[in-house]
Structures are given as structure tokens and as C-alpha cells.
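Chain letters run A, B, ... following the sequence lines, proteins first and then strands; every chain starts at 1. Side chains are part of it too, since the values below use all heavy atoms of this structure and drop only hydrogens, waters and symmetry mates.
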Number of protein chains: 2
Amino acid sequence: MSQLDEQAFGHVARFFQALAEPMRLKILNGLRDGEKNVSELVEVSGGTQANVSKHLALLRDAKIIKRESRGTKAYYSIADQRIYELCNLVCGQIASQMSLDAAANEVFISALKTN
Amino acid sequence: MSQLDEQAFGHVARFFQALAEPMRLKILNGLRDGEKNVSELVEVSGGTQANVSKHLALLRDAKIIKRESRGTKAYYSIADQRIYELCNLVCGQIASQMSLDAAANEVFISALKTN
DNA sequence: TTTCTATATAACCATATACTCATGTAATAT
DNA sequence: ATATTACATGAGTATATGGTTATATAGAAA
């Protein structure tokens with residue numbers, strides 16, 4: 001396996017790693033409808049300010065979100081819309097894996113999609 | 001945020017987590033062209049037998065691969081083809097993020113796709 | 001300047017993860 | 001029955017990760 005491949009697997013793994021955390025998914029979910037500042041994200045995610053800031057830094061490192069500072073606030077937004085394609089793919093998969101009856105399944109899927 | 005959402009984020013996170021490891025990506029890459037037994041996967045991944053077995057167990061838990069035992073060997077294969085859609089999405093993203101010139105970029109992408 | 005508000009970051013701790021080595025187990029072959 | 005081959009798993013260890021609390025920094029307001 002080439003050196004290039006090795007590197008590539010590392011990159012891809014780090015990318016998935018950034019999405020492998022419930023709180024970060026919550027934050028990304030909060031950004032579905034556009035930019036939010038940190039305080040707003042703290043609200044919707046239910047996390048602490050310090051913790052949310054850390055996750056935001058990590059997501060930014062992974063180039064998944066971008067930051068724009070305006071006045072004393074920091075506005076974050078999605079840098080790559082493909083995130084949601086990814087999540088939707090995974091959500092479909094998860095939903096189909098869960099042994100829910102059809103009704104519950106529908107609730108589940110719509111809960112994921114309408115946020 | 002509903003209880004259902006909380007659960008959902010957890011599920012999705014665990015799914016991404018399974019993909020957030022270079023060795024596991026290597027293994028999945030090794031399964032692109034069909035089933036392989038553990039020894040073959042040890043070969044193509046370059047890992048130790050114990051370690052590969054553990055990653056296989058984890059991937060199986062995540063329902064990403066399935067196992068079929070034949071004789072004394074264990075054959076693994078992809079349980080959900082969407083994995084590769086995911087990886088391709090991410091690879092495209094990674095490639096476009098890397099500051100490579102066009103030529104190098106092409107090499108990079110084809111290296112990812114042709115394995 | 002001082003103060004307040006918004007955000008980032010350091011220090012620290014607990015848990016999770018990935019790896020290695022050694023050993024267990026199961027099917028086959030001798 | 002014993003040995004061999006193929007795989008799984010437990011124990012132990014090092015590092016990574018996620019969380020908390022306390023503090024630093026930066027801009028706006030008084």
C-alpha cells in the first residue's frame with residue numbers, strides 16, 4: 001500500500017472522527033438552517049460554553065465549519081454541505097437497522113430530517 | 001431536543017466512529033472487491049492478526065460487515081454498500097481540501113478510487 | 001479606564017481506544 | 001488422540017478524547 005494511501009486513510013479517518021460525537025452532531029444539526037453564534041449553539045446543544053467552544057474548534061480544524069467574528073460574537077456556519085448528505089446516508093442506514101415497526105420508524109426518520 | 005433525537009445522534013456517532021480509524025478503512029478497502037478471510041485481510045492491511053480480528057469484530061458490531069464461517073476460515077464482506085458512497089463523498093472532500101496541484105490531486109483521487 | 005459580555009483556552013481528570021503479547025477455541029489433518 | 005491451522009479474545013499498557021472548572025482575551029459600553 002503506497003505512502004499516499006496511508007496518508008489518505010489517515011485523512012479520511014480524521015474526517016469521520018470529527019463526526020463521531022453526539023454533541024458535535026447536535027451542533028452541526030443546529031447549523032442546518034444557517035449560521036449561529038456560540039451562545040445560540042450552547043442553547044440548542046444543551047452543552048456548556050467551554051465544551052461547545054472546544055467542539056467548534058475541532059470541527060473548524062476539520063474544515064467542516066467556518067467561523068466569522070462580528071463584534072464580540074463568533075458566528076459559525078457549515079463550510080461543506082456534503083456533511084448533510086453524509087448524515088442522511090447514515091441516518092437512512094441506522095433507521096433501517098433499528099428494529100422498529102413501520103410507524104415508529106417513520107417518526108424516527110422524520111425526526112432526523114426535519115431538524 | 002427529544003429523547004429520540006438524543007438516541008439518534010448517539011447511533012449516528014457510533015456509526016461514524018467505526019469509520020474513524022485508518023486500519024479499519026484499510027480493511028474495508030480490502031473488501032471492495034468482495035469477501036476475504038482474516039488471513040487475507042491481515043496481508044492487505046499490514047496489521048497483526050489479533051488487531052485485525054478486533055477491528056473486524058468492531059465493524060461487525062456496527063453492522064458494516066458480515067461474517068461467514070466456512071471450514072476453519074472466516075470470510076468477511078461488506079454488509080452495506082453505502083459505506084463506499086460515504087467514503088467517496090469524504091474522499092472528494094478531502095482531496096479538494098488538500099493543497100495539491102492539479103496533477104498530484106489526480107493521482108490522489110485515483111489512488112483512492114482504484115483500490 | 002473600568003466593566004460587561006462573548007468566546008477561547010489551559011489544567012486537570014476519567015474514560016475510551018488501539019495496540020501488543022499471550023492464550024483460548026474450533027475445525028481439519030495426520 | 002495429537003497436531004496444525006485459522007481465528008478470537010483476555011490482560012495489560014500507552015495515548016487519545018471528552019468533559020469540567022477556572023482563567024485569559026477581545027470587543028463594546030459606561
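B:Y84 places none of its side-chain heavy atoms less than 4.5 Å from the side chain of B:N29.
In this entry the distance linking CG of A:N51 with C1' of D:dT17 reads 11 Å, nearest Å. Note: CD (B:E40) to P (D:dT5) measures 17 Å, nearest angstrom. Residue A:N37 contributes atom CG, which lies 17 Å from atom P of D:dG27 at whole-angstrom precision. Atom CD1 of B:I27 and atom P of C:dA18 are 11 Å apart (whole Å). Spacing between atom CD of A:Q49 and atom C1' of C:dC4 amounts to 15 Å, rounded to whole angstrom units. For the pair B:H55 NE2 and C:dT17 C1', the interatomic distance rounds to 9 Å; values are reported in whole Å. At whole-Å resolution of the value, CZ in A:R60 and C1' in C:dT9 are 13 Å apart. Taking atom CD of residue B:E21 and atom P of nucleotide C:dT17, one finds them 11 Å apart after rounding to whole Å.
When the nearest nucleotides of DNA chain D are assigned to A:K54 and A:G71 by heavy-atom distance, the more 5′-ward of the two goes with A:K54. Nearest-nucleotide assignment on DNA chain C puts the 5′-proximal partner with A:A50, out of A:A50 and B:T72.
Base contact: A:S53 has a heavy atom under 4.0 Å from a base atom. Looking at heavy-atom distances under 4.0 Å, A:R24 makes contact with sugar-phosphate atoms alone, never a base. Within 4.0 Å (heavy atoms only), A:Y75 reaches no atom of the nucleic acid at all.
Screening A:I78, A:I83, A:I27 for a side-chain contact (heavy atoms from CB on, under 4.5 Å) with A:L59, the sole residue that qualifies is A:I27.
Of the candidates C:dC19, D:dG19, C:dT7, C:dT7 carries the atom nearest the A:R67 side chain, counting heavy atoms from C-beta on. In the set C:dA8, D:dG18, D:dC7, D:dC7 carries the atom at the smallest distance from any side-chain atom of B:V38. Of the candidates C:dA11, C:dT17, C:dT20, C:dT20 carries the atom nearest the B:T48 side chain, counting heavy atoms from C-beta on. Residue A:A74 has its side chain nearest to C:dA8 when only D:dG18, C:dA8, D:dA6 are considered. Out of D:dG19, C:dA18, C:dC19, the shortest distance to the side chain of B:M23 is found at C:dC19.
When hydrophobic clusters are built by joining Ile, Leu, Val, Met, Phe, Trp and Tyr residues whose side-chain heavy atoms come closer than 4.5 Å, directly or via intermediates, B:F15 is not grouped with B:L58.
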Step by step, would you call B:E68 with B:K66 a salt bridge (Lys or Arg N to Asp or Glu O under 4.0 Å)?
CA-CA 7 Å; B:E68 195 195 325; B:K66 56 187 184 230; over 6 Å; no
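Side-chain nitrogen and oxygen atoms of A:S69 include none within less than 4.0 Å of the OP1 or OP2 phosphate oxygen of C:dT7. Taking only side-chain nitrogens and oxygens, B:Y76 comes nearer than 4.0 Å to OP1 or OP2 of D:dA8.
Residues A:S39 and A:E43 bring no donor and acceptor atom of their side chains to less than 3.5 Å of each other.
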